[in-house]
Amino acid sequence: MQIREPNQLFNFEKYPTLEKDIDLKQRAWIEVKGKAIETNVSQLRSKLSKNCQFMAVVKADGYGHDAKLVSEYAIKGGASQLGVATLKEGIRLRSAGVKKPILILGNIYTKKDLIISFKNDLMPTISSIRECLICNNIGKHFGLKFSLHLKVDTGMSRLGFECTKFVQQFKKIQSFDNISIEGIYSHLSSADELNSLDPKSTSQLQRKRFEGLLKQINSYRNKNIKIHLANSAGMLLDEKFHFDMVRVGLSMYGYNPLVTIDENLSLKPALFLKVKVAFIRIIDKGVSVSYGAKFVSSRKTKLAVLSIGYADGVPRNLSGKIKVIHNNKFYPQVGSITMDQMMVDITGSNEIKIGTTMILLGSDGDKMISPVSWAKESNTIPWEILCSFKNRLPRVQVD
Ligand SMILES: *Cc1c(COP(=O)(O)O)cnc(C)c1O
């Protein structure tokens, strides 16, 4: 990278002025390795039986990675369906030319939104007879069948038909002529817990409840209906959770949701968070750094000011708890993380200059920092870390 010299001559007229002319890597950005998504998906798929499909969950803009990019590579890796959370997320993928079946995992409950969903060939998740009736009316109006998935609540108490009433309601739904039930599913509440293989665990209870319902409708239900239950953790837990399809998010992005690690699985993180050094200063011993003056130097200290802060999605409560990588070396972050910037102690380094790129998440040489460790430090889960990154960070595809 070229740093402007004070005495250099410029043809100022030639320099651009628009937002689109700004270098994507001018400040801080997210690099997404499409190939990592592709290999993660094909690796995970190799754990499934031949007839079990892989739904790539790309909600929340593909867990912050860029849903369109993730979808493209997940499909290359063998995903046959996509899962989004909202109507808008689904429409965006359709506009980007994605042709695979898309399931909206959130609830669509107005006639208007269900019509939009139908017209975009997006399958809604249905949790009540009321929603079924609206879909059936829409299908009837267009002289077609409205494809959808039915959801049953087996222990989340979030969306889904009530477990105890489902069998009876399913019989009624079977008589609706203008809907096509493409799937029946439920969602695990605790698959990432340590005890999930214990027969008395919440996950096993949910699976048994789900299987109990399926048994009661199996003799008369259409056999093309896809049965699905597992998220990433459920999928990795035991093949008893696989059924006809798995809905995988976190592990496709390269992180293991389980405490125990499967040795045969080498998932690769697809996301790198990188930042430029915007300024360098040297402070004496006993000088405070950042808001609240919480960090005071214990020696003469060289600081790099990085152009990233909590307004980009780096949790402020990670202040003083994280490290940054450059050239296979760790450097500690010091002082409070501010809205747009943070400071790093680079004492002893001569290679870090203004304009140098440093890595906040990802790897370099044998050094690696994962959102999983950020999550632990900030008392949250990796899912929240990944979808906290703001649009201020450009997403740049690398392979
Ligand atoms: C988000 C979500 C998933 C994916 O969960 P991961 O733990 O990230 O694999 C699966 N199913 C539903 C209903 C979801 O909302």
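Being a predicted model, the structure only gives us computed values, none of them experimental. Whatever order the structure lists them in is the order used to number ligands and atoms, beginning at 1.
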In the protein, which heavy atom is nearest to [atom], and how far is it?
atom                    : value
atom 7 (O) of ligand 1  : W383 NE1, 3.3 Å
atom 9 (O) of ligand 1  : S232 OG, 2.5 Å
atom 12 (C) of ligand 1 : H187 CE1, 3.4 Å

query: Does NZ or CZ of K33 lie under 6.0 Å from the centre of the six-membered ring of F272, at an angle within 45° of the ring axis?
result: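 The answer is yes, since K33 meets both limits relative to F272.
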
task: Identify whether NZ of Lys or CZ of Arg in R247 sits under 6.0 Å from the centre of the six-membered ring of Y185 and within 45° of that ring's axis.
output: no

I'd like to check whether [X] has a polar contact with ligand 1, where a contact means an N/O of the residue lying under 3.5 Å from an N/O of the ligand.
X    : value
L250 : yes
Y185 : no
G249 : yes
R247 : yes

query: For the rings on H149 and H228, is their centre-to-centre separation under 6.0 Å?
result: yes

task: Could you tell me which atoms of ligand 1, counted from 1 in the order shown, lie closer than 4.0 angstrom to a heavy atom of Y63?
output: 1 (C), 4 (C), 5 (O), 6 (P), 8 (O)

query: Do Q204 and D238 get their side chains close enough for a donor-acceptor pair, meaning under 3.5 Å?
result: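 Side chains of Q204 and D238: no pair found under 3.5 Å.
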
statement: Closest to atom 15 (O) of ligand 1 (heavy atoms only, candidates M235, R158, K151, K59) is K59

message: Does the plane of the ring in F170 sit parallel, tilted or perpendicular to the ring in Y220? Use 30° and 60° as the thresholds.
response: tilted

- prompt: Relative to each other, are the rings of Y331 and H326 parallel, tilted or perpendicular (30° and 60° limits)?
  reply: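 Taking H326 first and then Y331, their aromatic rings sit tilted (interplane angle of 30° to 60°).
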
Audit row: D345, R299, salt bridge (charged side-chain N to carboxylate O under 4.0 Å, His left out) steps and yes/no: CA-CA 11 Å; D345 183 344; R299 51 166 158 73; 3.4 Å; yes

